[in-house]
Amino acid sequence: MQWRIPAALPVLKLVGAAGLLALGFLLAEGDLLRPVAGALGAALLAGWGVRDVIAPVRLAVDPSGITVPKGWTGRQHLPWSAVESIRVQRRPGRGFAGPALEIDTSETLHLFSRLDLGTDPEDVADALAAVRPEPARPSRPPSGEQSDGTDQSRAE
């Protein structure tokens, strides 16, 4: 399974970049700063849109682990053993107005919004939980211990 940004998002970014560039030139009135600022803003927005076209998949999962973005267009596969927690957080006032999928590997924290995933982060968290293997558990308690963890040798 994989989750990608909505197809309309890079188009909106590229159209916005063109509009920002045009706005910079239309409002120039002989001033060089406005078209330069418009061109710089347009270049940043266009670069962001191009990245979305080149690497639209933000999260992928398979039985061996998850794949997350790394760098501008790279990807990094994380085995399930490296994933400490997967949860949905609401962080108002910190750049995310809605819920965000949070994948913690103790070394890195990966945050994905609805716009990154193209669907509700709660649904993605449920899908990840369904694919993630159960952690290994001992089949029986070690000798000398009861199943509740008390030591039989001390029980009277």
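Keep in mind that this is a model prediction, so the values were computed, not measured.
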Could you pull out the closest heavy-atom pair between [X] and [Y], with the gap in Å?
{"X": "W80", "Y": "P133", "value": "CD1-CD, 3.3 Å"}
{"X": "A46", "Y": "A17", "value": "N-CB, 3.7 Å"}
{"X": "S106", "Y": "E84", "value": "CB-OE2, 2.9 Å"}

Residues 40-51 vs side-chain hydrogen bond (donor to acceptor under 3.5 Å, both in side chains), sequence neighbours excluded, gives none
Residue pairs passing the side-chain hydrogen bond (donor to acceptor under 3.5 Å, both in side chains) test with at least one member in residues 6-17, sequence neighbours excluded, are K13-D52
Applying salt bridge (charged side-chain N to carboxylate O under 4.0 Å, His left out) to E107 and not counting sequence neighbours gives none
Margin query: Could you walk me through whether D116 and L111 satisfy the side-chain contact (heavy atoms from CB on, under 4.5 Å) test, starting with their C-alpha distance in whole Å, then the side-chain angles of each, then the deciding distance to 0.1 Å, before giving a yes or no?
Written below: CA-CA 9 Å; D116 289 318; L111 297 173; over 6 Å; no
May I ask whether [X] and [Y] are part of the same hydrophobic cluster, defined by side-chain heavy atoms of I, L, V, M, F, W, Y residues being less than 4.5 angstrom apart, directly or through others?
{"X": "I5", "Y": "V61", "answer": "no"}
{"X": "F112", "Y": "V131", "answer": "yes"}
{"X": "M1", "Y": "V83", "answer": "yes"}

Name the atoms and distances for all side-chain donor-acceptor pairs under 3.5 Å in residues 29-42, with sequence neighbours left out.
| residue | atom | partner | partner atom | Å |
| --- | --- | --- | --- | --- |
| D31 | OD1 | L33 | N | 3.2 |
| R34 | NH1 | L27 | O | 2.9 |

Sequence neighbours excluded, the answer for side-chain hydrogen bond (donor to acceptor under 3.5 Å, both in side chains) partners of T108 is T105, H110
For D62, the side-chain hydrogen bond (donor to acceptor under 3.5 Å, both in side chains) test, sequence neighbours excluded, returns S64
Any side-chain heavy atom of [X] sitting closer than 4.5 Å to one from [Y]?
{"X": "V68", "Y": "L59", "value": "yes"}
{"X": "L78", "Y": "T67", "value": "no"}
{"X": "H77", "Y": "I66", "value": "no"}
{"X": "R58", "Y": "P69", "value": "yes"}
{"X": "V57", "Y": "W3", "value": "no"}

By side-chain contact (heavy atoms from CB on, under 4.5 Å), V11 pairs with (sequence neighbours left out) V15
Quick note, salt bridge (charged side-chain N to carboxylate O under 4.0 Å, His left out) partners involving residues 35-45, not counting sequence neighbours, are none
Quick one: name the residues clustered hydrophobically with [X], using the 4.5 Å side-chain heavy-atom rule over I, L, V, M, F, W, Y, and just say none if it's on its own.
{"X": "W72", "value": "L14, V50, I54"}
{"X": "L20", "value": "none"}
{"X": "F25", "value": "L21"}

Exercise for review: Evaluate the side-chain contact (heavy atoms from CB on, under 4.5 Å) criterion for residues R87 and E102: first the C-alpha distance (whole Å), next the side-chain angles of each, then the deciding distance (0.1 Å), finally the verdict.
Suggested key: CA-CA 5 Å; R87 62 183 173 214; E102 182 179 287; 2.7 Å; yes
For residues 120-130, please give each side-chain donor-acceptor pair under 3.5 Å, one per line with the distance, not counting sequence neighbours.
none

When rounded to the nearest 0.5 Å, the distance separating CD of Q89 from CG of L109 is 9.0 Å
Value for CZ (R132) from CD1 (I86), rounded to nearest 0.5 Å, stands at 5.0 Å
